[in-house]
Amino acid sequence: MEYSVLKGTHDVIKDEADAYSAIESLLTTCATNYGFREFRTPIIEKTELFVRTSGESSDIVRKEMYDFKDKGDRNISLRPEVTAGTIRAMINAKLFAIQDFPIKAYYVGPNFRYERPQQGRFRQFNQFGVESVGSDSYINDVEVIVLGFTALKMLGFKNLKFKINTLGDLESRKKYKEALVSYFSKYIDNMCFDCKERINLNPLRILDCKVESDIEIIKGAPKLKDYLNQKSTERFENVLKLLKENEIDYEVDDTLVRGLDYYSETVFEFHYISDLGKNYGAIGAGGHYSELVEQLGGPKVSGVGFACGIERLYSILADNNNLPEINSIDVYVMTMKPDFNEAAFGLVTSLRNCGFSADMNVENSSFSSMFKKAERRNTKLAIIIGQNEIENSVVQLKNLHTKEQFEVKLDDLTDKIDEILEEFEDHDHHHHHEQQE
RNA sequence: GCGAAUGUGGUGAAGUGGUUAACAUUCCUGGCUGUGAACCAGGCACUCGUGGGUUCGAUUCCCAUCAUUCGCCCCA
C-alpha cells in the first residue's frame, strides 16, 4: 500500500458514511425542532481564540492542538472544538445588536485533537453541538439538556445516565479555588507531577486526578457546594426542578468538572450503559458559560452548549447492533445479454427521471451473480429484461424481499413500483415503531 | 505524551532461514441454466505493512518507521 491514512484519521465510506449521514440528520432535525439554526464556521481560526477560551491550562491547548504558522506568519490552529468559533461568528455577525435572545445555533463538522486514538476516538473527529447564547435564564440550560437527552434517545441510546453538577459563578468559584489551594498546599509535596502543576494553573482540575494516593487526599478537600453563593445555589435548584418536571432523571455528581475553562454554573454529561451492562462513559456533554462571550469581545451575556462526537456515537451503536438503516435503491434492472443493455439503460433513465433510485448491470453475468449484485446494493425491486419482454413491451418485476414476481406492462410500470414501494414503507414504519417501544 | 499487543490475498487464518506461501470462505472468469441453486473447469498474495540491516539467501532473525487494537492521561 503506497499511502495509508494518517494516524487517528479514517475514511468514512459506503455503509458507514450512510450511518453518519443518518445520525447527523437525526441530530440536526432534532435541533431544528428546538429552534436552532445551522452555523458553519471555519475549521481554522487564530490559535489565540482557543487559548483564550479553552484556557491556557487545559490539556486541549497545552498538548492537543494542531497549531502552525501560515505563509503570512500568523498563528493558526485547526479547531479542537466549535464553541469558540461559533461565539466568534455571532459577535462578528453583530447578532448581539438585535437582542433577540437567546441566539440558538447548531453545528456539525470536523474537529482536531492531537491525542492517542482509541475506539471511537480520532484525531480528526466530527462533532454535533448546539449553543444557546445571550440569555442567562436557567430555562436555556434545561432546554439544551432536554434536546441532548431527546436526540440521544432517538438515536437508540436507551439507558442514559445523566450526570449534572454546578461550578457556581465566578465569585463562588474564586472563593472555592482559594480554599482548595490552601487545603492542597499542605499535601502537594506528596502528590503527582500533574497535580503540582494544576495547583497553580487550575486547582479545580486536581479533583479530576486519577492517581490513587491523590484520590485519598482529594476526599478530604473542601466541597464546592459549601462555597456556592445564594444566587448560584438557587439557579442550580431551579435547573434541577425543571429537569424533574420534564422527566429527566439526573444524578448530581459533585466531582464533575469539565476540561474546558470557560464553564460556570451548570455542567453535565450523558453517560451510556448498554443493555449488556457495558459502560461506555460520556457520549455527550456540555455546560453553561458566563464569561466566554464578553471575553471574545461581545456583550456581558452567558450561554449554554452541548456537544457529542459522531464517531463515538457510531462506534457504540455499531457495537450494539443498533445502527440506523442504510440507504437502499428502489430498482435494479438486469439483463442476461448485452443486446438488451441499451433498452435497460433507457428504462433506468426514465425510472430515475420519475424520482426512483435505480441502477442496472452493464456487465452481464449469471442470474445468480446479478441477484447478488442487487442484494449488495440493498435493492428492493429487480426488473428483468429479456427477449420475450422486449417483444411484448413488458418487464418482469420482482420484489426481492418477498421474492414475488409479476409481469408488468411498461405503461403500468411506475404505478406498480409505487404500489410495491408503499408496502415496503409500511413495513419499515412498523419495524421502526417496534424498535422505539 | 506513557505502557502493552498485533500487522500474511476481499475476509478468516496456517506456515517456513532456501525452488511453485497450506487451508477455509468470499469474489471473478468460462461451461450449463429465463431467475438469487447445484455441478464442472479455471483464476485471484509476482512489495508476506513500509524502509534498512544480518546472511550465499529472509515473509521468517535484528533495528527503525507507519498503521491498528487495548490500558493510562485527556476527552466527544
Side-chain angles (χ1 to χ4, degrees), chain A residues 1-11 23 27 54 57-65 79-83 107-129 148 152 157 192-195 197-198 205 208-212 214 256-260 268-272 280-287 305-316 332 334-337 340 361 363-376 379 382-390 395-405 407:
Chain A
M1 227 64 77
E2 292 272 330
Y3 300 103
S4 58
V5 290
L6 254 31
K7 187 196 272 293
T9 67
H10 63 143
D11 299 317
I23 291 169
L27 291 169
S54 293
S57 67
S58 68
D59 283 13
I60 286 180
V61 167
R62 288 172 65 212
K63 46 189 196 191
E64 294 179 0
M65 280 227 287
R79 65 184 188 198
E81 55 95 38
V82 191
T83 301
Y107 57 82
V108 190
N111 295 286
F112 303 82
R113 288 182 202 171
Y114 191 87
E115 59 182 344
R116 204 67 192 268
Q118 271 175 50
Q119 191 185 24
R121 288 172 64 165
F122 295 90
R123 288 182 174 177
Q124 176 177 341
F125 61 99
N126 292 284
Q127 262 190 346
F128 160 83
L152 292 171
F157 294 96
C192 74
F193 176 80
D194 286 333
C195 284
E197 286 205 324
R198 288 171 184 143
R205 300 207 47 241
D208 252 348
C209 186
K210 305 291 189 298
V211 178
E212 230 169 275
D214 290 1
L256 179 65
V257 298
R258 308 268 319 139
L260 304 173
F268 57 88
E269 289 180 350
F270 295 97
H271 289 242
Y272 178 66
Y280 287 93
I283 60 171
F306 160 78
C308 54
I310 307 296
E311 278 79 358
R312 187 166 284 186
L313 297 180
Y314 171 84
S315 117
I316 298 171
Y332 188 73
M334 50 178 78
T335 69
M336 285 272 279
K337 291 184 186 157
F340 313 124
N361 71 294
E363 303 291 323
N364 308 89
S365 52
S366 66
F367 274 114
S368 146
S369 67
M370 286 193 296
F371 277 111
K372 277 179 189 163
K373 281 178 190 169
E375 186 157 279
R376 242 179 270 145
T379 311
I383 285 178
I384 299 140
I385 300 178
Q387 189 66 42
N388 298 339
E389 286 72 26
I390 300 280
V395 297
Q396 302 298 328
L397 182 64
K398 182 164 184 171
N399 181 328
L400 292 179
H401 193 241
T402 63
K403 311 242 200 290
E404 286 173 298
Q405 184 167 320
E407 184 168 291

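Just so you know, these numbers come straight off a predicted model, no measurement behind them. Chain identifiers are assigned alphabetically (A, B, ...) following the order of the sequence lines, protein sequences preceding nucleic acid strands; residue numbering begins at 1 within each chain.
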Q.
Would you measure the distance from the C1' atom in A22(B) across to the matching atom in G15(B) and give it in whole Å?
A. 7 Å

**Q.** Interatomic distance where CD belongs to E64(A) and C1' belongs to C72(B) [whole Å]
**A.** 13 Å

(Q) Counting only side-chain heavy atoms from C-beta out, which of G1(B), C74(B), U68(B) sits nearest to R116(A)? (A) G1(B)

Q.
In this structure, how many angstroms lie between the P atom of U6(B) and the CD atom of Q118(A), rounded?
A. 19 Å

Q. Can you tell me if the side-chain N/O atoms of K398(A) get under 4.0 Å from OP1 or OP2 in U35(B)?
A. no

Q) Should the heavy atoms of other residues, nucleotides or ligands under 6.0 Å from CD of E375(A) be counted, would the total exceed 12? A) no

Q: State whether Y114(A) and R123(A) meet the cation-pi test: NZ (Lys) or CZ (Arg) under 6.0 Å from the six-membered ring centroid, and within 45° of the perpendicular axis.
A: yes

Q.
Given A76(B), G1(B), U33(B), identify the nucleotide with an atom nearest to the side chain of A282(A).
A. A76(B)

(Q) By a 5.5 angstrom centroid cut-off and a 30 degree plane limit, is there stacking between F367(A) and G34(B)? (A) no

(Q) Can you check the distance between A21(B) and U16(B), where both ends of the measurement are the P atom (answer in whole Å)? (A) 16 Å

**Q.** Pairing residues for K63(A) by the salt bridge (Lys or Arg N to Asp or Glu O under 4.0 Å) criterion, not counting sequence neighbours
**A.** D59(A)

Q. I384(A) has a side chain; which of G34(B), C27(B), C2(B) sits nearest to it?
A. G34(B)

Q) Pick the nucleotide of RNA chain B nearest each of K373(A) and Q405(A); which residue has the one closer to the 5' end? A) K373(A)

**Q.** Residue F371(A), side-chain atoms from C-beta onward, closest of G3(B), U35(B), A76(B)
**A.** U35(B)

Q) For N126(A), what residues pass the side-chain hydrogen bond (donor to acceptor under 3.5 Å, both in side chains) criterion, not counting sequence neighbours? A) E311(A)

Q: Please determine, for G3(B), whether a Watson-Crick or G-U wobble partner exists with both distances under 3.5 Å, and give it or none.
A: C70(B)

Q | Quiz item: R121(A) side-chain donor-acceptor pair to C74(B) base, under 3.5 Å | A | yes

Q) If the C1' atom of C48(B) is compared with that of U35(B), how far apart are they to the nearest Å? A) 42 Å

(Q) Any donor-acceptor pair, under 3.5 Å, between the side chain of E115(A) and the base of A76(B), if you only look at N and O atoms? (A) yes

Q. For the pair made of NE2 in H271(A) and P in C75(B), what is the distance, rounded to whole Å?
A. 12 Å

Can you name the atoms? Protein N/O to nucleotides 42-44 of chain B N/O, anything below 3.5 Å, with the distance.
none

**Q.** Distance-only donor-acceptor check, side chains E389(A) and Q396(A), under 3.5 Å
**A.** yes

Q | C1'-based separation of C61(B) from C2(B) [nearest Å] | A | 29 Å

Q) Given U33(B), G34(B), G36(B), which nucleotide is nearest the side-chain atoms of K372(A)? A) G36(B)

Q) Applying a 3.5 Å limit to both distances, which nucleotide forms a Watson-Crick or G-U wobble pair with U59(B)? A) none

